[in-house]
Amino acid sequence: NAGVTQTPKFRVLKTGQSMTLLCAQDMNHEYMYWYRQDPGMGLRLIHYSVGEGTTAKGEVPDGYNVSRLKKQNFLLGLESAAPSQTSVYFCASSYWSTEAFFGQGTRLTVV
Amino acid sequence: AQTVTQSQPEMSVQEAETVTLSCTYDTSESDYYLFWYKQPPSRQMILVIRQEAYKQQNATENRFSVNFQKAAKSFSLKISDSQLGDAAMYFCAYWGGSQGNLIFGKGTKLSVKP
């Protein structure tokens, strides 16, 4: 049982480059979330989705876009990466209000 | 907007002793759920305990229990008989029923001394 899988695990970008992070879950969960984790800041919600075809802004959405074309996938895009977006990114999914399952994280460095 | 506040950046406890981690939240919703997650150095997020806001009874899971004070919007975690493996970051989290967002506090780093 794979659970939540994030791709890639590590990435180094140059300022201004774009990239897409992929999150895939095989638990048929309706809810999916993208977070960034920075030292001393906890996990901050970037965007989330309550079902296929839906997205909503979280606490820190600026500079990011998301799409949920298929129920099992939730994509996070950076159109023009900035050093301030250097972080560890986590994806999670849940069935309504029950336990959220997390991916292993993506370490992104923007130079 | 909902907020989750953890006022203790770091805590320390002696092995076999009891420690309480604090969490407060702010919301205008009536339908919500609260969680404590543990994150060891491996970065894996592990659910410790879950509390439904509509339930008066405090949730318990073995050595872990909560003190849920709905009127005060307080949700503290008590760890009894602390073990070395309990050392980790602990995050308090809120899930809102009307929006479906899951938000976290900044975390408390727990150290366990042998």
Side-chain angles (χ1 to χ4, degrees), chain A residues 2-6 8-10 23 25 27 29-61 66 68 71 74 87-108, chain B residues 1-10 21-27 29-55 59 61 64 88-110:
Chain A
V4 179
T5 303
Q6 291 182 230
K9 292 183 176 57
F10 302 93
C23 177
Q25 53 97 2
M27 296 170 283
H29 285 167
E30 291 292 339
Y31 293 80
M32 296 188 74
Y33 316 86
W34 274 109
Y35 297 91
R36 60 177 290 172
Q37 184 174 20
D38 304 291
M41 299 299 292
L43 280 82
R44 290 183 290 171
L45 182 63
I46 303 171
H47 288 279
Y48 64 103
S49 169
V50 301
E52 181 178 317
T54 75
T55 62
K57 293 181 180 180
E59 302 165 281
V60 288
V66 289
R68 184 129 180 243
K71 187 176 184 179
F74 195 29
S87 187
V88 178
Y89 291 85
F90 284 96
C91 174
S93 72
S94 71
Y95 175 72
W96 195 55
S97 68
T98 57
E99 176 183 2
F101 291 85
F102 286 78
Q104 71 273 48
T106 296
R107 182 174 292 279
L108 174 66
Chain B
Q2 302 90 1
T3 59
V4 177
T5 303
Q6 292 180 250
S7 58
Q8 305 155 315
E10 296 187 23
L21 307 184
S22 301
C23 173
T24 59
Y25 61 94
D26 189 27
T27 183
E29 294 182 299
S30 57
D31 176 26
Y32 59 91
Y33 298 76
L34 299 165
F35 306 83
W36 279 97
Y37 282 87
K38 169 185 177 181
Q39 186 182 45
S42 65
R43 287 195 331 214
Q44 179 186 8
M45 293 290 286
I46 303 165
L47 177 67
V48 175
I49 203 163
R50 173 180 178 263
Q51 173 80 44
E52 297 99 329
Y54 62 86
K55 284 191 177 179
E61 286 289 343
F64 299 88
M89 283 291 291
Y90 285 81
F91 293 100
C92 179
Y94 168 102
W95 188 90
S98 65
Q99 299 181 50
N101 54 338
L102 177 63
I103 60 174
F104 288 78
K106 292 184 177 181
T108 296
K109 183 178 181 180
L110 178 66

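Chain naming here is simple, since letters A, B, ... match the order of the sequence lines and numbering starts at 1 in each.
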Neighbour count above 12 (heavy atom, 6.0 Å) for A:K71 NZ: yes
Sidechain-backbone polar pair: A:Y35 side chain, B:F104 backbone, donor-acceptor under 3.5 Å: no
Proximity breakdown for A:Q37 and chain B, heavy-atom pairs closer than 4.5 Å: side chain
Under 4.5 Å from a heavy atom of chain B, the part of A:F90 involved: side chain
Of all pairs that satisfy salt bridge (charged side-chain N to carboxylate O under 4.0 Å, His left out), the ones with a partner from residues 42-59 of chain A, not counting sequence neighbours: A:D38-A:R44
B:K106 atom NZ, over 12 foreign heavy atoms within 6.0 Å: no
Between CD on residue A:E99 and OH on residue B:Y37, distance to nearest 0.5 Å: 5.5 Å
Distance-minimising heavy-atom pair for A:L45 and B:N101: CD2-CB, 3.9 Å
A:A56 portion near chain B, given a 4.5 angstrom heavy-atom threshold: neither
Straight-line distance of A:S94 OG to B:F35 CZ, nearest 0.5 Å: 7.5 Å
Heavy-atom closest pair, residues A:V50 and B:G100: CG1-CA, 4.4 Å
Interchain contact, B:Y32 with chain A, by part (heavy-atom threshold 4.5 Å): neither
Identify every side-chain donor-acceptor pair in residues 40-47 of chain B under 3.5 Å, counting partners at least two apart or on other chains, and give the distances.
from  : atom 1 : to     : atom 2 : distance (Å)
B:S42 : OG     : B:Q44  : N      : 3.4
B:R43 : NH2    : A:Q104 : O      : 3.4

A:S97 and B:E52, any side-chain heavy atoms less than 4.5 Å apart: no
pair A:F102-B:Q39: side-chain heavy atoms closer than 4.5 Å: no
